[in-house]
Amino acid sequence: MIKIEHIGIAVKDMDVSCSIYEQLLGTACYKKEQVASEGVNTAFFKTGENKIELLTATTAESPIAKFLEKKGEGIHHIAFDVPDIVAEMDRLKAAGFVLLNEQPKKGADNKLVCFVHPKGTNGVLVELCQEIK
Ligand code: ZN
């Protein structure tokens, strides 16, 4: 894994949270994107090398809706930049980690993504992401 690509934060109200993070980071959101397959709306912020992704649910079945219900707002996942997502998925599977999707899928911000089950990572949902060239 190359580096932390972004940190995902689950929020209830995107407009409210966007202004909070614009004030906090001193920079405007640079991208808003809906990922229909995941039932989420996303907003991205850049601070230097680092990115923050805000996530809200668009449907009651969305994983974000379930997360908010169970845990409330807060850090939802840590995403790592990987050069070859398939190779990384194979490596983690062989090491005994449980992947939440068997094939890489299209995520927000022009990425192929795969999630690693938090039960194998001390309660942290991990996202692998590879830039789509
Ligand atoms: Zn993410």
Side-chain angles (χ1 to χ4, degrees):
M1 299 191 190
I2 301 167
K3 58 167 188 172
I4 291 179
E5 214 283 330
H6 63 269
I7 293 173
I9 299 173
V11 303
K12 286 180 186 158
D13 185 315
M14 187 57 95
D15 290 339
V16 169
S17 296
C18 264
S19 12
I20 291 173
Y21 277 81
E22 284 182 355
Q23 280 186 308
L24 176 73
L25 302 172
T27 182
C29 161
Y30 72 91
K31 186 190 265 186
K32 284 189 177 174
E33 191 179 342
Q34 183 170 4
V35 185
S37 59
E38 293 289 299
V40 299
N41 274 327
T42 65
F44 284 89
F45 294 84
K46 252 184 212 141
T47 53
E49 289 267 293
N50 303 305
K51 288 190 212 163
I52 298 287
E53 173 186 37
L54 302 182
L55 302 133
T56 50
T58 55
T59 67
E61 294 74 43
S62 160
I64 295 299
K66 292 185 182 132
F67 180 90
L68 288 169
E69 211 171 276
K70 261 176 49 188
K71 301 193 171 173
E73 295 182 300
I75 293 180
H76 176 259
H77 65 269
I78 298 180
F80 291 93
D81 194 3
V82 299
D84 180 344
I85 195 165
V86 173
E88 205 63 27
M89 288 167 70
D90 287 345
R91 184 181 74 80
L92 293 178
K93 237 191 291 182
F97 291 94
V98 176
L99 305 180
L100 293 179
N101 45 295
E102 283 299 309
Q103 300 294 327
K105 54 186 179 179
K106 178 97 174 52
D109 203 26
N110 196 41
K111 299 280 195 297
L112 285 174
V113 303
C114 174
F115 287 91
V116 182
H117 199 291
K119 76 181 175 191
T121 52
N122 300 101
V124 177
L125 178 62
V126 170
E127 176 184 4
L128 310 175
C129 55
Q130 180 191 335
E131 180 104 43
I132 299 170
K133 299 253 158 66

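For reference, positions follow the sequence shown, starting with 1. We count ligands from 1, going down the list as the structure has it; atoms in each ligand are counted the same way. Keep in mind the model is a prediction, meaning the values are calculated, not measured.
Contact of the Leu92 side chain with the Leu128 side chain is registered, since non-hydrogen atoms from C-beta on lie closer than 4.5 Å. Using a 4.5 Å heavy-atom threshold, the side chains of Leu54 and Thr56 count as separate.
Within the structure, side chain to side chain donor-acceptor pair (under 3.5 Å) contacts touching residues 31-41 (residues at least two apart or in different chains) are Lys31-Asp109, Glu38-Lys105. Under the side chain to side chain donor-acceptor pair (under 3.5 Å) criterion, no residue pair touches residues 17-27, with sequence neighbours excluded. Sorted by first and then second residue, the pairs that involve residues 124-133 and meet side chain to side chain donor-acceptor pair (under 3.5 Å), not counting sequence neighbours, are His6-Glu127, His77-Glu127.
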Pair Cys18, Phe45 - check side chain to side chain contact (heavy atoms under 4.5 Å, CB included), show working. CA-CA 9 Å; Cys18 264; Phe45 294 84; 4.1 Å; yes
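Legend: protein N/O/S atoms lying under 2.8 Å from the Zn ion (ligand 1), waters omitted, number 4.
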